[in-house]
Each structure stands twice: as C-alpha cells, then as structure tokens.
A.B. asks: 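The structure under discussion is supplied below as structure tokens; questions concerning it will follow.
What you see is a predicted model; the values in this text were computed from it and never measured. By convention in this document, chain letters (A, B, ...) are assigned in the order of the sequence lines, proteins followed by strands, and residues within each chain are numbered from 1.
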Amino acid sequence: MQRLLIFDPARGLLENLPPGCQPRHVEGYVWLDLNRPTPEELELLTSLWHFHPLAVDDCRHPHYRPGMAQYEDYAFLTLRCVQSHQRSLTGALNVFLGPGFIVTVHHEELEFVNQLWQQYRQDPQLFQKGADFVLYSLLEPLTETFFTFFDRTEGKIEYLEEEVFRRPTRQILNQVFTMRRQAIKLRKILGAQRDIINLLAYPEFKLVKEENRVFFLDIYNEMLRLIDQVETFHDLASSTVEIYLSLTSNRLNEIMKVLTVITTIMMPLTLIAGIYGMNFHYMPELEWRYGYFVVLGVMALLAGVMLFFFRRKGWF
Amino acid sequence: MQRLLIFDPARGLLENLPPGCQPRHVEGYVWLDLNRPTPEELELLTSLWHFHPLAVDDCRHPHYRPGMAQYEDYAFLTLRCVQSHQRSLTGALNVFLGPGFIVTVHHEELEFVNQLWQQYRQDPQLFQKGADFVLYSLLEPLTETFFTFFDRTEGKIEYLEEEVFRRPTRQILNQVFTMRRQAIKLRKILGAQRDIINLLAYPEFKLVKEENRVFFLDIYNEMLRLIDQVETFHDLASSTVEIYLSLTSNRLNEIMKVLTVITTIMMPLTLIAGIYGMNFHYMPELEWRYGYFVVLGVMALLAGVMLFFFRRKGWF
Amino acid sequence: MQRLLIFDPARGLLENLPPGCQPRHVEGYVWLDLNRPTPEELELLTSLWHFHPLAVDDCRHPHYRPGMAQYEDYAFLTLRCVQSHQRSLTGALNVFLGPGFIVTVHHEELEFVNQLWQQYRQDPQLFQKGADFVLYSLLEPLTETFFTFFDRTEGKIEYLEEEVFRRPTRQILNQVFTMRRQAIKLRKILGAQRDIINLLAYPEFKLVKEENRVFFLDIYNEMLRLIDQVETFHDLASSTVEIYLSLTSNRLNEIMKVLTVITTIMMPLTLIAGIYGMNFHYMPELEWRYGYFVVLGVMALLAGVMLFFFRRKGWF
Amino acid sequence: MQRLLIFDPARGLLENLPPGCQPRHVEGYVWLDLNRPTPEELELLTSLWHFHPLAVDDCRHPHYRPGMAQYEDYAFLTLRCVQSHQRSLTGALNVFLGPGFIVTVHHEELEFVNQLWQQYRQDPQLFQKGADFVLYSLLEPLTETFFTFFDRTEGKIEYLEEEVFRRPTRQILNQVFTMRRQAIKLRKILGAQRDIINLLAYPEFKLVKEENRVFFLDIYNEMLRLIDQVETFHDLASSTVEIYLSLTSNRLNEIMKVLTVITTIMMPLTLIAGIYGMNFHYMPELEWRYGYFVVLGVMALLAGVMLFFFRRKGWF
Amino acid sequence: MQRLLIFDPARGLLENLPPGCQPRHVEGYVWLDLNRPTPEELELLTSLWHFHPLAVDDCRHPHYRPGMAQYEDYAFLTLRCVQSHQRSLTGALNVFLGPGFIVTVHHEELEFVNQLWQQYRQDPQLFQKGADFVLYSLLEPLTETFFTFFDRTEGKIEYLEEEVFRRPTRQILNQVFTMRRQAIKLRKILGAQRDIINLLAYPEFKLVKEENRVFFLDIYNEMLRLIDQVETFHDLASSTVEIYLSLTSNRLNEIMKVLTVITTIMMPLTLIAGIYGMNFHYMPELEWRYGYFVVLGVMALLAGVMLFFFRRKGWF
C-alpha cells in the first residue's frame, strides 16, 4: 500500500503526484510511505524515483543490521525498532532522505508511522521544518520503542533474580537465557543504530539543517543511554546465571551434608545391631540380663555424640 | 521551591529579579536554584529564561545517564551524585550554565547545594570568580559523595571476603551480588560523567574561563580515580564470587570424603556381621569357642587398616 | 589450468595474448584466471607479468589470513570464502588488480568464479565497467558464501540449544564446541577481510573508480553484518555451553536428592529391623503378641513422616 | 623534616636558602626534600614557594592513583613505588618540577631518595644535567622497586601453581587470591604511571630538556614492560584458580568413584547375607551340607565380577 | 665472539677494521656480529662505536619484551625469536641499525644469523641492497621460528582436545595449561614485536629505504598473522579447559546415577530381608510353606520395577 503527501507552501497539500512530475524535484516537500509494498510499488522506486538499485534491493529484504548508504544527493537508511507483539523481536524501517523528500518503506504496520502521517496530514505546515525534521519525528518514537521494551524487561530480570534466589528451576533459567539472548542481539542493533545517528548529527551531513542538528544530537544521547541499558541488562542476566550456579552448588552442599549426617549416624548403629544378630554359640553379652538395654543405650549415646559433633562443625 | 541570587559588582546582592528584566542578560551574575520545582516553576525556564524545550523536558524527568547538550550560548548538564540514604542509589542534578548565570534543578534536597548557597549568600564576592566557578564548587562535593560511598563499600567488600572464607552462606553471597550490581550501575554513570567533565576542561569550551580550567582538570582527575575505584571494586566483588565457588567446591570434596570414609569402613564390617547372622545349619565358625572374639578382632583390624590407608592418602 | 579474456572496445574479445604483447599494458581489459595452476603457470606471473616475487610466493601457499599489499600500480589481495563441502572450512582466492587487468589465482574449483567467467565471456561489454567492477562481481558471491554458511549454522545452533535443554549429552556438547571453534576461526578471517574491503573503498585507493566506490561500500556493510553475525554466533555457542553446565549441575542436584531421600528413609528402617534381629536372650518386645505388627506400623509411620518432611522441603 | 640543596655553578653548593631569596627564582638549581613533613613545612610550599593550593593539598593526602597537573611554569606529579615491607603495598612520592628546581615530598622514608640525595650532595656537578635529570634519577630506582616486587612474586606464583597441582588446599587458594588482588591494584597504578611518563617524554613537555628526553623514553619502555608483567601475572593467577577448580572437580570424581565401587560391591553381598539370615521355617538351602560355603563362594565370585567390570570401565 | 664484515663497493670485502677507522663512518657497509660477547667486546660498543650507554646496557641483559629506541642517526632494537630446544621458550636478538652499518648481538647461538652471515660472506654484493635489507633478511627467518612453533603446537592442541574427549586426566590438563601459559607469554612478545615492525615500515622511518619498505610491510603482515594464530591458539586452549570441565561434570552425573540406582534398588531389598530376620515370636509369614519363595519373588519384582522405572527416566 502506498500513500503520498506533497506540500507546496504556495499551493498547500496534495495527495497525488501531478502527472509528468519528477517526485524528487517537486516544489516543496514530499513524503511517500510504502506500507507492505507490492513488488510493483517497489519497482517505482527505481523507475520513477531513480534510487540506486542496491538501495531498492535492501528495501525488498531489509537487513537485520541497521545501516546507512550515502548517494549523490540523498541518503538511504535501514533502521530497527522493537516490535514485541510479533514473533521476531524487531521490525525494520527503510528511509530515503533527500533535501525535499522522504520515503519510508516497511513490511509491517508501524503504529508510530501512522500517527505521524495523520499529524502531518492534518497540519501540513509541519513540513516547513524540513524533511529531516520528519525523520527526527520518526526516530523519536522509534527510539521510544526500545525504552518501553527495556522498562518491561528491567522489571522482569529483577523478578527472575529474586525467583532464582527463592527456588532455582529450569524454567527460570530458561527465561534468563532467553533474555540474555535478546540482549546479545539488541546490543548489536543498537550499536549500529548509534553510529548512524552519529553520522546524521555530523555538521558535514548536509541533509540535516543546522537548526535541526540539536534534535539528532538528542536522539544520539538517547542511543547512548539505550546502549548503557542493554549492557547493564546483559550484565544483570549473566550475573543471574552466576547466582544460579552459586546457589545450586550451595544446595548441593546442603543435600550432601544431610546424606552424610544420616549415613554416618545410621551405619555404626546398624553394624552394632548386626553384630548382636550373629549366631555364634558363645557370645557372653547375649546372656546378660540387661544386655539388650545396654546396647540400646550405647546406640542412643553414639547417635547423640555424633549429632553433637556435626552440630559443632556447623553442618545443620 | 525556587530561590534566586543576583550579584552585580556595582549594586551588590539581590534576591529577586528586577521587574521586566531578562534574567539571562542581567548585569553581573545570577544563580537560580529550583528545589523540587512545581510544574509552573519549570515552565518559567522556557517562557522567561528561553531555554530549549528539549533541555527543560529533561529537567522534568532527569535521565539516569549523565549527559551534556550545548546550545548557542549556554550548556545544559545532567549530573549524578550518590544519595545513599534514599531508596535509589543516586540523585540527579540538572545545571544550565551560561556566561553570567547558572541554574540548578533537582528533585531531591541536596545538602551540598544548600551549603554552597549559604556560602554565596553570605559572601557574594565569590561570584567574581565566575558562574563556572559556581559549577566547580558544586562538582567538588558532588564528586565527594562518590568517594564517601566507595570508602564505605571498600571496607564492606573486605569484610564480605573474609566472611566468605570463614563461612560461605547465601546471605553473604546475596550481599556480594548486590554490591556488584551497584558497581555495574555506577561504572556506567561515572564513565558518562567523566566524559562530560573532560568536555568542560577543553580549551574549546568557552563557558569555562582560562584561569578556572585547572579546577575542572582537577575534577577530571578525581573522576579517573573514581573509575579506577569502581572497576577495582567490581573486580573484587567478582573475585569474591569466585572465592565462594572455589570454597564451596572444596567443602563438597571434604563432605564427600567423610561420607566415603564412613561408608568404606562400615559396609564391609556390616557384611561380616551379616554373614555370621545367616542361619545355615552347618557353619563351622559358629561353634568355635572364641569365634565371636576372633570376628570382633578381624573387624577392628579391618577398620584400622582402612583408616591407616585413608590417612596415608591424606583424606582426613 | 589457465584461461584468458582480453577485451578491447575497438577489436572485441580475444582469448589469447597476441604474441610479443606485455599483458599488463594491453589496450582495453584483461582477465587471467589460474585454476589449480601448475608451477610453470605461476612462474609466468613473475617472468611475463612482472609481479613482485613476494606476491607470487603468496599465490603458491595462500595465507590463512586475508591480506592486501599495494605495489606501484597494482594491488595484490588474498581473500577467503567458505568452501564447506571441503575438508577445510575455507578456500582462498588470490587477486592481482591493476588499472586495466585482473588476475585471479585459486587452488580449488570456485563455482562463483566460473559463473562470472561465463557471464563476461558471453557479454564482454561488461568489461567497460572496469577491472574493479570484476573484482566487485567476485566479492559479491564470495561474501554470499559466508551468509549461506551462517544461515545454515544459525538453525543448527538453535537446534543444539533446544537439544541441550532436552537431554544434555556428550555428542551435543561436541557439536557445540565444534561450532564455537569455527566461529573463533571465521571471526579472525572476517575481521581481516573487512579491513581490506575498507581500504578498497577509500577515496585514496585509485584502482577503484569513483562511480564504483558505492559497490565496495556495500560489500563493506555486508562485512560488518557478517562480523556481527559471527560474534552473535560465538556468543550463542558460549551461552549454550553455559546452559549445559547449569543444567548438568541442576540434574546433579536432582540425582542427589533422590539418593538422599532413599537413604534417609531406608537406613532407619533397616536399623530397626536389625535391632529386632539381635539374639539377646531377654528382649521383652519379642514376646509381645502383636510386637511384629507394631514394629511394621512404626516403620510405615516413620517412612510416612519423612516423606512428608521431604515433600514440604520441596525435594520431590 | 626538610632539607635543601642549592647549586649555583658560580658559587658552588649551599644547604640553606639565602635570606630574602625566592626559591623558585634562585640562580642555578634547587632541590628541596620534605620527608614526613610537618603541617608548617607543607604550609611553606604555598606561602614561600607559591605552589597552587590544589597541589599542596594533594601532598597532604597523596592520592592512590598517580597523576600529573601542569601549572604555568611547573608541573606537579604524584608517583607510586612498591614499599613491600610496609602494611600497605605502595608508597607515594610527590614531586614539583620546575625549570631550575625540584621539590620532593613523601610521608615515608624512601631509601632511593636518600641515596640520590647523598650522591648529589657529594657531587653537586650532577645538577648541571638539569632538574629534569634529578627526576629521571628518582624515576629509575622507583621503577626498579616494581621490578624487584615482580621478580619475587613471579617465583611465588609458579610455586603456588605447583602446590595446587600437588595438593589443593584453602591456604594455597587464599594466597593465590591475595596475589591476584595485588595484581588488580598494581595494574591500575602502573597504567596511570605509564600515562604520566608518556606525557613527560612528549616533545611538547618543555620542562624536560631535549637531550634528556631519551632517558624518559627509556623509563616509558620500562613501564610498558611492567604493565606486560602485571598483566601476565594477573593471567597466571587467574589460570591457577582455574587449575584449582579443574583439579577439585577431578578429585571429586575420583572420590565418588571409590564410594560407588564400594557401595556397588558391598550392597548386593549384604543383601545375600540378609536373605539367609531370615527366619523362615522352610528355606531348603539352609539345610544343605555345604550351603554356607556355596554362598561364600557366590559372594566372592560376585565381588570379583564387579571389580573386573569396574576395572574395565577404568574406574580404578 | 665477534666477527666483522666490511663491504666497500670499490674495494670489496674486508673482515677486519682498518686501523684508526671509525666503524660507524666507514665507506660502504659494515656488519658486526657479537655472539655470546665478552664484557670487553660489549665495552667496545660504547668506546669504539659510540652507542648510547642505555642501549649497550640493554645488550648485557636483553629485555623480555621487544622494544625499539631511536637515537640521532641509528636505531636500537630488541627482538625475540622462538628457541624451543632451550629451557626458556624464546631467545633475544639485539640490533643496532644505522644508514651504513648493522650490529647484531645475541647471547645464544642463532642458526639463522649464521646462515645469513655465510651468505653475505660468499656473496658480498648483497650488501648493495642496504643495511636495512640485512635487517629484513634477519627478520624473515626470525618470524619463521614462530610459525614453525605454532605449526607444531596446533597439532598438539588438537591432539589434546581429542584426548580430553576420550579420557580426561590430570596429565592432559597439565599440558593444556602449559600451552595456554605459553600463549599468554608469546602474545605479549608478538604484540610488542608487531608495533616495532610497524614503526620500521613507516615512511617517516628514514633508515629503511623506499624500495625496501614493501619487505617490512610483508613482515608486518606476517606479524598480524602470528598474532591471529596466538590468539586462536589461546582461545582453543581455554576452550579445551572448558571441555574438560563440562565432561568432568558430565561424568560425575553418570557416576552418581550408578550409585543412586544401586542404592535405590538394594536398600529396600535389604530392609525386607532384615524384617524377616527379626526374632519376634509371632510372625505369621515365617510359618507359611512357601513364605521364603514368595519373599524372594517380591524382591525380584521390586528390583525389576525399579530398573524399569530408571530406564524410562533414561538413567542408564
């Protein structure tokens, strides 16, 4: 599905390209949004818009890693946002940015693109701030999707850490490893995205106007914050695995102490009982009047001594 | 709550803005302190002081990560100090620094801001050193809060390490992991704060006067020291976890040795007793006069030999 | 085996060198491909083509690590691709690139070289894009071999991770370690290859024409993606080892619990049976009418209490 | 305690400041050494020598981390040496270096300072090489203290590694962890010290004369060597911990094998003895003439078969 | 032992210094080789050759870490090669390189120095390529010693890894740790050596002629390859330790399963036997005709059920 906004300060807002008009050289500002585009719609990017075939190809199968390529008078960006209600963790947004136009391509419905589209449609004067400001207005909620994701996971990792302390199970462990896997992948994405934003905020990058640079610097600072968060998040998940291992090893010690205490107390008593169960003809103790009670007493005493000894060693 | 100091060398100290006066262009020096500001007070930063909306927004919800943004003729800083009597580990201080003014915004009572305020109120000649010197005078005790925190934790980590050696428990382990989590978080904050101080100390940063640069370099050196400390602190906490694991694994060996020694000695004796407890009609040893005592002797001998053998292998 | 293509816009395609002609200074474009070259064929690179002996030597025994050496008017490259149907993981491709010529040397049949050769032979006008474009057209499928490899291994690592969760065996572990070893080796290769592509894409590198630079930048971006992938891949393999260790330690705890529960329940019962198996003459209980049943009841009760106790501690 | 050397090529050596003379602008060379200075002596550094208060403050409580601050025409250094006969591992040396003077401040007796002092007192012509050469002559033995320390610890770590292989105990482990803690701390100190020496050896650093630069470069190379050593030292200590863990885990396996072999052999034999100890009225085997000996034989056979089986599995 | 080669294109080869001649300013090229030099021979480097005392001192006790110092018109290098037939892993080679001379100093017989010496003695025209080419001709085989070493260890590490999979013993583990220790040390040496070669290959380094630079760049590439190899080698050794730990932990699980299965089956049977060994006067089962066989049957059934249960849980 494609939709188009053309804003010419003199003539106001159009939603269709005037016939015979080259969209990249239109007067004013143009925003083309391709939502789950058909192959034919993508084809137009080469034939009508004259974008570089390598870039249009990347729109077909957007890369996992964010990237930017600069062509003579426009730039092509691949960006990533968190799309957590989907099966894959992230969604892609491709952008062509020129001095007076912006083209956005995405294969999934992106809520924040729709919202911005409505805003620009209702208040086309916003275009006066430039095509780069449209990009900023997209980057802002796109970055926000990561913050939302981390806020959610931060609470989850703390919950998992407490659970591990309470009762370390395989299910908990599985979730911790899943979260660390997400952190490993998001770290790569965010690192690449930060480098792109950094390039956009360079004074040498002419497609961003001087007065809008500060907005991209702000996004850049947000990226630095996100990278701090994803690293902290990864470290906390790794730390939780270490806690798990420490506690498991601690529990093993506890279990083995129980086993050893029981064995150490019971085995000698069983031996004594076994000895007086032997069938030798001549065993003087057996004839004693209170032999049986003496042996029971000795057993109780022995058990008591051992328990005392283990308690002093702090085994239970 | 807001409070204001205006110092004009010609007219002395004022505590209110003269009506119709633009605070950023006042003669002399201005310090505005917003302590737990109301939304209206924050609103004034945009309407009256004409600060950039992005910066004022950051004052509302100060970021976890320290940062700096430079605008035409002023800079906006987000700084962090340790506020350990609070639930969260750190508190935030936002600063707008201009050639003749400084605005400080914080959502918690900060003791060192109050002290400096009183000092400047009593001795307004201090303003002569410049607005940048006010910032330095704030950075100095702010940095000190980290040193105080590390002095305290340094003693604690050494105590925990000794405890782990004495008796490794879950409670100790829990504290060690908590400390390491704090180290992970503070390292990020200090790293970002160091970069900011570095920028302030650059000759290119015009808001700091040439003669005051050495003070910011001093703070920068203190940040390097703090980062060394937090890294050492993190390494020591990790090392303590490793000590814990090594000792637990050592204890497990000790426990298993006890179990094995007991089992190895007792089982053969129990077997012997069991054999002479069998009810076969024809068992010649049973009729021997001293059979019982011979068997007891053999048992004692066997136990002795095994004990000797285990001691030679160094098992106890 | 050697084969040659000479394309002169004026005279069309030749497949043999005109006699007495210096191949490096031929009019138009030359592509020499040496497939599993004989020593004599390699010898010609020095005697006829006048390449530097150090470079020709590297063609004889191509290095494991990709590299580039620049000579007066040509460059020598060692590249690596994945050749997974072979015993060794990677194959080598050596390239001499000059302003009007390209020489490719390889000791294994490389499918993508053959395909490109056929393409250029059928459509020699492709040479018009330059010798550097031939290099790009080789780099493109060469890089693709890595992507194909990672697509395959990505699925495998996820399968192994699930297997480890289901049933950790030595065979699975062996495969995980093999994959990590591959990741360690490919990371080195890709890192070196990225640096080479980066050099090729520099404006200072005169052998690549201005209009073709964007293609090499595209390959460079693909290399960055590959390095991200190999690092993620290595981290996931390491993570799987950690999962294995955590689960093994978890299983050990489960096993030890079973052992301890059984021992703790059975040993006291065995002791009781042993006590009433003693042969003392005077043991009052033995004469009781229901003594036997009372003892059986006591045993059942004891076992029940212990089971209840262990269940409450959550041991099974 | 303070002591002073003034060397004027024209007038020779003085040990007291001529009255009314500004020590920083004296003709010739001045060396002031403050050994465990009183507060009054330190006070003179501000009042008489006019050093910056921040620097004099650092002399009072020398920082743990080496550092350098540059003032208009002099530099202030905080250096660290190994003082292993003390409770703390390192001692501090503060130095003010000017074009014609050097001031050394230390709170502990430093042997190498005393020696150099005596040397300069006996041969004042040494001052001709400049104040920077005095600093070099101090840095040389100061660096040597680290080498001496590492030579000692290198032998110790190898001894500990062998001990761990021979018999892993808690005491050995404790020593290994102590050494690693020292390595963690020294690494930080040496890293900071290297950066300082690097600054001293820069051509831009005007307080070091052109002809003396090579000496500071030599010290810089020695610092690089020390950092290599401390890192190797840290890696070896960590490696020893890993050896410990591997061996402990190996020993646990050995212990468990003994336990399992004993249990597996003894338990079935005990069961057989128990079966023939049952009191059933009708048990045909009991009446056999050689039943007892048959059972003993079966037991021996069973034990033999199991031993053979375990030996084939390589368990002992 | 010292030996000298002087080559003057006009006069041919000399093996002694003409009397009264300053060796550093001789016409043509000079190569002095000091093999296990006496103190007097080293003394000549200061008195006759006028080298800097710091450099000559380093020749006496060559540093472990490769290094380079540049003096007015010559450079001093400390290099390391693998000398594996010696007790220490590496040997040192010191080199003074000047525009027309090279001095090599070593305390061990180095085969590749001898070979090059003979080559130059037989074909003195080689000197025409410059003193820097002599250095290259030494660096080439020196670098080769590392490659030879790694080829050998690469095979060994793969053998050890297979051994660990087959049967993890302490001896194998010891060898793995020894190899990793070598990797740790060689990595440091190679890192420093790479930096030196890099400096030699800089266009700013005037002692290497323009036409010879490509040879040093080739050595530099070889150093990069060696560093890749030593890192891979270290990673593989670490990976082998991890394999060892994983397998040990796996074996422990196997051992504990055997123990638990045996205990769980035998203990209840022993209890049953014990119960019917009690001496109560009234135990009805004892009088049953087939009581004994019924009990044996119950025991067999119980054992069978448990075996079936354990097999279903996959324990053996």
A.B. asks: I want to check something: taking the side chain as every heavy atom from C-beta on, are D:M283 and E:L286 in contact at a cut-off of under 4.5 Å?
C.D. replies: no
A.B. asks: side-chain contact (heavy atoms from CB on, under 4.5 Å) for E:L173 and D:N250? Distances and angles first, verdict last.
C.D. replies: CA-CA 10 Å; E:L173 198 62; D:N250 195 38; 5.9 Å; no
A.B. asks: Tell me, for E:L252 versus chain D, whether the close heavy atoms (under 4.5 Å) come from the side chain, the backbone, both or neither.
C.D. replies: both
A.B. asks: Considering only heavy atoms, which portion of E:I255 lies under 4.5 Å from any heavy atom of chain D: side chain, backbone, both, or neither?
C.D. replies: both
A.B. asks: Which answer fits E:V295, side chain, backbone, both or neither, if we ask what part of it has an atom under 4.5 Å from a heavy atom of chain D?
C.D. replies: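 Answer is side chain: those atoms of E:V295 sit under 4.5 Å from chain D.
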A.B. asks: Is E:T263 in contact with chain D via its backbone, its side chain, both, or neither, using a 4.5 Å heavy-atom distance?
C.D. replies: both
A.B. asks: Verify whether one side chain among E:R181 and D:S239 offers a donor that lies under 3.5 Å from an acceptor in the other.
C.D. replies: no
A.B. asks: How long is the gap from CD on D:E161 to OG1 on E:T178, to the nearest 0.5 Å?
C.D. replies: 7.5 Å
A.B. asks: I'd like to know which of E:K185, E:M267, E:K188 tops the heavy-atom pair count under 4.5 Å against chain D.
C.D. replies: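 The option with the most such pairs is E:K188.
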A.B. asks: Does any heavy atom of chain D fall under 4.5 Å from the side chain of E:L269, the backbone, both, or neither of them?
C.D. replies: both
A.B. asks: Quick check on E:L296 against chain D: is it the side chain, the backbone, both or neither that has a heavy atom closer than 4.5 Å?
C.D. replies: side chain
A.B. asks: Can you say whether E:M278 sits under 4.5 Å from chain D via the side chain, the backbone, both, or neither, judging by heavy atoms?
C.D. replies: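 The backbone, not the side chain.
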A.B. asks: Looking at chain E, which one of D:G277, D:S246, D:S249 has the largest number of heavy-atom pairs inside 4.5 Å, strictly under?
C.D. replies: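 Among D:G277, D:S246, D:S249, the one with the most close pairs to chain E is D:S246.
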A.B. asks: Does CZ belonging to E:F309 count more than 12 external heavy atoms closer than 6.0 Å?
C.D. replies: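 Atom CZ in E:F309 is not packed in, count stays at 12 or less.
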A.B. asks: Where on E:Y64 is there a heavy atom nearer than 4.5 Å to chain D: the side chain, the backbone, both, or neither?
C.D. replies: neither
A.B. asks: Quick one: OG1 on D:T264 to CD1 on E:I262, what's the gap to the nearest 0.5 Å?
C.D. replies: 4.5 Å
A.B. asks: Got a sec, which pairs hit side-chain hydrogen bond (donor to acceptor under 3.5 Å, both in side chains) with one end in residues 270-298 of chain E, sequence neighbours left out?
C.D. replies: C:N279-E:N279, C:Y292-E:E285, D:N279-E:N279, D:E285-E:Y292, E:Y276-E:E285
A.B. asks: Give me the contact list for residues 201-229 of chain D versus chain E, heavy atoms only, anything under 4.5 Å, ordered by residue number.
C.D. replies: D:V214, D:F215, D:D218, D:N221, D:E222, D:L224, D:R225, D:D228
A.B. asks: May I ask you to say whether E:R170 pairs ionically with D:E254, meaning some side-chain N is under 4.0 Å from a carboxylate O?
C.D. replies: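 Not counted as a salt bridge, because no side-chain N and carboxylate O are separated by less than 4.0 Å.
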A.B. asks: Tell me, do D:T240 and E:F177 make a side-chain contact under 4.5 Å, heavy atoms counted?
C.D. replies: no
